[in-house]
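Report on the structure given below.
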Amino acid sequence: MSDLLTGLNPEQLSAVTWPAKSALVLAGAGSGKTRVLTTRIAWLIQTGQVSPAGVLAVTFTNKAAREMQTRLGAMIPVNVKSMWIGTFHGLCNRFLRAHYRDAGLPSTFQILDSADQQAAIKRLLKSLDVSDEKFPPRAVQNFINGNKESGVRADTLSAHDAYTKKLIELYAAYDAQCQREGVVDFAELLLRSYEVLSRNAALAEHYKSRFRFILVDEFQDTNRLQYAWLKLLAGRDNALFAVGDDDQSIYAFRGAEVGNMRSLLADFGIDGPVRLEQNYRSAGNILTAANALIEKNDGRLGKNLWTEAGEGEPIRLYDAYSDGDEAEFICDEVKALQRDGWNLADIAVLYRSNAQSRALEHALVNAKLPYRVYGGLRFFERQEIKHALAYLRLIANPDDDNALLRVINIPARGIGARTVEGLQAASREQGVSLWQAACASGSGRAAASLGKFVLLIDQLRARSSNLNLAETVSLLLDDSGLKAMYEADKKESEERLANLDELINAAAGFFPQDPEQAVVEFLSAASLEAGEHQAEAGQDALQLMTVHAAKGLEFDAVFVSGLEEGLFPHENSFNDPKGLEEERRLMYVAVTRARKRLYLSSAQSRMLHGLSRYPIRSRFVDEVPGQLLHVLSATVKPLPVSHNTRAPWLDQPPPSRPSANLKGFAIGQSVTHAKFGLGVVIDAEGGGDDVRLHINFAEHGLKWLDLRYAKLSAA
DNA sequence: CCCAATTTTGTTTTT
DNA sequence: CAAAATTGGG
């Protein structure tokens with residue numbers, strides 16, 4: 001046991017060897033959080049306090065779960081695969097598969113990802129003849145998921161206004177549709193598990209007496225439902241060991257509640273958090289910058305990271321001419337780092353939104369630098385893959401209307417919009433799935449085409465019963481005509497065909513728990529871990545990803561790009577202080593990814609949906625103490641700009657802007673408007689005659705004004 | 001019914 | 001600048 005514990009600092013040691021009761025570990029960035037978590041599991045098992053089967057460990061990403069398994073396997077001889085280590089969603093899926101009858105689900109139930117869910121909602125709106133103008137599918141989706149994440153079903157909701165009433169009705173209808181089709185969305189996995197456990201006392205008791213030790217990673221990201229689920233499983237007697245960092249809470253937009261950390265202390269009678277404050281990752285200057293940034297936030301649990309490492313290098317700052325210029329700068333620096341012996345794989349370029357990778361990728365291709373983009377459109381989300389998986393879904397469960405609609409006419413087989421509409425009408429009338437309606441269709445041209453499709457799926461199912469997973473996928477690609485369709489298509493089909501081949505490989509490399517259920521398990525895995533599966537992983541390549549995707553990772557050198565008001569912090573967060581604080585935590589996460597060297601970059605002009613924008617530099621750059629910075633760009637000095645006053649951009653006149661013809665106006669200028677009064681120009685877009693200015697009015701707030709119509713004059 | 005061309009629309013982050 | 005939705009000629 002001494003082996004496990006050597007090298008831990010006193011705080012880490014205290015956390016690892018915490019007695020068999022609940023605890024909250026407040027673990028700063030780079031403080032050895034994952035190590036503490038895995039070492040504790042190993043220690044508990046090695047000291048005989050619990051068997052591997054008595055441990056429940058929950059993470060947020062599949063990557064984190066895998067890492068925990070790998071590290072644990074290296075520490076102690078134990079079959080980590082059989083342990084309950086996984087994401088909330090993965091574990092709930094496992095639970096529901098085991099208890100599908102109690103959950104009222106078919107054994108073959110499938111999981112809808114976000115896009116599938118949205119398609120299902122669109123279809124629902126159409127079938128109920130609800131205007132998607134008034135009820136945007138996106139809004140309905142948010143309503144449903146928001147409520148599910150709070151543990152609330154439609155039948156317990158009520159409202160006085162007609163609009164909300166309709167939303168509740170849609171929520172109920174959506175759940176009914178999913179139930180009919182045998183599918184569950186992400187939030188449903190959790191809610192359904194929770195309901196099964198809370199209704200079935202015997203079952204709950206079984207799991208409670210089994211999981212004596214429950215460990216949760218990234219606890220700050222749990223939502224209400226997840227916390228309720230944990231409380232249910234922990235009961236009174238089990239030890240809930242939660243590790244988290246309120247400063248790294250960046251998922252409030254999907255229901256995460258940092259407040260769960262305080263609730264945990266109260267609900268489980270924990271005296272106070274154990275703090276891990278020594279940082280082993282970053283050089284001093286980087287840490288100082290991070291601490292200075294996060295200090296601007298209110299209501300923190302509070303902690304101050306420190307390091308024994310020296311100051312290290314200054315933080316490099318570059319204010320580029322344009323997004324293209326910024327990308328070129330990054331390429332040049334990366335090449336220089338490479339010449340100095342840095343590994344590309346240890347260098348990351350981070351950005352706020354996925355769309356920003358475009359300009360970067362363009363420059364990287366020109367510079368002939370190998371790179372790897374994480375996130376974005378992931379393998380299992382590509383259209384050709386989703387088409388193929390839809391056939392696979394139909395083999396497993398033909399009542400999956402989503403899947404059927406997706407491929408019933410792909411490739412084209414004479415089943416057009418009219419036929420599909422007829423099918424939908426029939427299914428609604430008879431209260432059966434589209435598949436059943438298709439099976440029952442009579443005679444005629446349309447019915448003949450439908451019959452052929454039904455035959456195709458039936459034959460695929462029959463023939464696949466003797467085949468393994470990879471053979472099944474291969475068969476379906478051939479027999480459905482999907483492969484032939486992409487082969488016939490001349491351009492851009494090459495990559496798609498390669499992806500389809502890769503899908504066969506993925507199937508061949510998939511090892512199900514229960515071989516009988518290989519198809520069902522494979523489909524679940526595809527929904528739950530849509531990404532990760534990307535080719536050319538081995539190569540030494542520059543790492544590109546969003547800041548969100550970078551959480552939990554670390555790199556020798558980090559570029560935080562696109563540091564502009566409106567982008568980072570994102571403009572959607574401007575109106576709400578909570579949102580702005582979340583953006584700042586995001587910046588904190590970005591900065592603390594770096595071990596040795598940190599670059600902050602911004603651009604003075606950026607293309608956004610086809611138009612140029614001229615944003616100002618992000619307030620977050622100004623929140624980094626100036627003495628830590630080393631400015632690389634010639635044009636701008638990193639002088640602090642206050643963002644707290646009403647007319648913030650006046651005390652520092654911006655540099656003259658290239659190619660920004662704003663009809664005599666400039667960013668930072670004070671203006672008056674006949675109706676809105678006094679304001680400050682903070683952003684602009686367009687060019688030539690079509691120029692729009694973003695103005696912060698003292699009385700009326702933020703407005704976009706079109707210079708062709710707005711009566712604006714200099715103040 | 002099919003396909004291509006055109007218009008419209010929209011954009012944060014993700015399990 | 002894309003993807004998605006819509007239209008119109010075969």
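We use all heavy atoms of the structure for the numbers below, so side chains are in, but hydrogens, waters and symmetry mates are not. Quantities reported herein were computed from a predicted structural model and do not represent experimental measurements. All chains are named by letter (A, B, ...) in the order of the sequence lines, taking the proteins before the strands, and each is independently numbered beginning at 1.
When distances run from any side-chain atom of Arg378(A) to the nucleotides dC1(B), dT12(B), dT15(B), the shortest one goes to dT15(B).
Nearest-nucleotide positions on DNA chain B place Arg352(A) closer to the 5' end than the other of Thr87(A) and Arg352(A).
Between Asn572(A) and dT13(B) there is no side-chain polar atom (N or O) within less than 4.0 angstrom of OP1 or OP2. The shortest distance between the side-chain N/O atoms of Thr546(A) and the OP1/OP2 oxygens of dT12(B) is not below 4.0 Å. Listed pair Asn62(A) / dT15(B) fails the phosphate criterion, with no side-chain N or O lying under 4.0 Å from OP1 or OP2.
Atom CE in Met587(A) sits about 18 Å away from atom P in dT13(B), given to the nearest Å.
Between Phe559(A) and Tyr599(A), the ring planes are parallel. Angles under 30° get that label, and only those over 60° would be called perpendicular.
Around atom CZ of Arg300(A), more than 12 heavy atoms belonging to other residues, nucleotides or ligands sit under 6.0 Å away.
The residue Phe60(A) sits close only to the backbone: its heavy atoms come under 4.0 Å of sugar-phosphate atoms, none of a base. Within 4.0 Å of Ile415(A), counting heavy atoms only, lie sugar-phosphate atoms of the nucleic acid but no base atom. Among the protein residues, Asp113(A) comes within range of no part of the nucleic acid, since none of its heavy atoms lies under 4.0 Å from any strand. Counting any heavy atom pair closer than 4.0 Å across all strands shown, Tyr251(A) reaches sugar-phosphate atoms only and no base atom. Arg413(A) comes within contact range of the sugar-phosphate backbone alone, with a heavy-atom separation under 4.0 Å but no base atom that close.
Applying the 5.5 angstrom centroid cut-off and the 30 degree plane-angle cut-off, the aromatic ring of Phe253(A) is not stacked upon the base of dT12(B). Stacking between His570(A) and dT12(B) is shown: the ring centroid lies under 5.5 Å from the centre of the six-membered base ring, and the planes differ by under 30°.
Side-chain contact of Asn297(A) with Tyr588(A): a donor-acceptor pair under 3.5 Å is absent, judged by distance alone.
Between His387(A) and Tyr486(A), the ring centre distance reaches or exceeds 6.0 Å.
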Nucleotides 4-10 of chain C: which of its N/O atoms have a protein N/O under 3.5 Å away?
from, atom 1, to, atom 2, distance (Å)
dA5(C), OP1, Lys122(A), NZ, 3.1

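Partner of Asp113(A) under the side chain to side chain donor-acceptor pair (under 3.5 Å) criterion, chosen from Arg378(A), Gln118(A), Lys386(A): Lys386(A).
The base of dT15(B) sits with one of its N or O atoms less than 3.5 Å from a complementary donor or acceptor on the side chain of Ser114(A).
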